Amino acid sequence: ETGVTQTPRHLVMGMTNKKSLKCEQHLGHNAMYWYKQSAKKPLELMFVYNFKEQTENNSVPSRFSPECPNSSHLFLHLHTLQPEDSALYLCASSQDDLRVTTGELFFGEGSRLTVL
Amino acid sequence: GQNIDQPTEMTATEGAIVQINCTYQTSGFNGLFWYQQHAGEAPTFLSYNVLDGLEEKGRFSSFLSRSKGYSYLLLKELQMKDSASYLCASMIYNQGGKLIFGQGTELSVKP
């Protein structure tokens with residue numbers, strides 16, 4: 001138990017569906033992240049939020065839309081995805097922005113997404 | 001560009017010592033992290049090096065040489081539960097502060 005909870009753990013969707021991934025952290029952290037993990041590839045940073053403000057968008061396609069209503073919750077809204085978007089999507093949090101803190105990230109267990 | 005290299009997979013024997021190497025070429029470097037990820041689980045923090053040298057934490061040690069862009073994770077007295085993926089990550093400071101990960105090293109510990 002890392003203090004970061006992701007739902008759903010598994011999701012199968014068609015290319016025309018709209019779905020959302022949810023992340024909640026119970027650690028009192030101020031920064032939250034979305035990472036994509038594909039087989040045999042490095043973890044790819046997608047988005048960074050610090051105090052609810054987006055501070056990083058790593059050239060992510062617009063079919064992925066993040067939302068951070070408060071420092072404890074982070075969503076990733078998905079629509080018109082492609083089969084190559086199938087991957088494990090990991091949420092993480094840190095006490096503060098990595099320019100301030102030493103950078104230990106606390107990860108959730110991920111949402112395994114399959115796009116048919 | 002940012003580049004981090006580590007072996008894709010390694011095999012070792014229970015009770016032995018294994019060293020997992022990581023080389024990096026990253027601008028704005030501000031520290032090197034190692035994470036452990038068991039299959040189907042979240043990555044968990046193992047170590048952080050910002051200065052050259054060896055950091056020891058129980059059975060695990062991590063080394064950093066900033067001049068060589070090189071780090072290693074040393075695992076002693078290997079146990080079966082150490083079978084996992086080990087992720088090397090470089091912290092980049094000058095791009096808003098973020099972690100850039102290597103592809104991970106899949107370690108299999110055999111009896």
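What you see is a predicted model, and the numbers here were worked out from it, not measured in a lab. Here is how names work: the chains are called A, B, and so on, in the same order as the sequence lines, proteins then strands, and each is numbered from 1.
With a 4.5 Å cut-off on non-hydrogen atoms, A:Leu43 touches chain B through its backbone and its side chain both. Contacts between B:Ile4 and chain A at a heavy-atom distance below 4.5 Å are absent for every atom of the residue. Neither the backbone nor the side chain of A:Phe106 comes within contact range of chain B, judged by heavy atoms closer than 4.5 Å. Proximity to chain A is limited to the side chain of B:Gln37, based on heavy atoms less than 4.5 angstrom apart.
Considering only heavy-atom pairs separated by less than 4.5 Å from chain B, the leading option among A:Glu109, A:Arg9, A:Glu44, A:Gln6 is A:Glu109. Among A:Ala31, A:Ala92, A:Pro42, the residue with the largest count of heavy-atom pairs under 4.5 Å with chain B is A:Pro42.
At distances below 3.5 Å, not a single donor-acceptor pair connects side-chain atoms of B:Thr105 with backbone N or O atoms of B:Glu9. A side-chain donor-acceptor contact under 3.5 Å links B:Gln6 to the backbone of B:Gly104.
Partner A:Ser93 forms a side chain to side chain contact (heavy atoms under 4.5 Å, CB included) with one of A:Gln25, A:Glu104, A:Glu24 and no other, that one being A:Gln25.
The aromatic rings of A:Tyr89 and A:Phe64 sit tilted relative to each other, their planes meeting at an angle between 30° and 60°.
Taking each heavy atom of B:Asp52 and B:Arg66 in turn, the nearest pair found is OD1-N, 2.8 Å.
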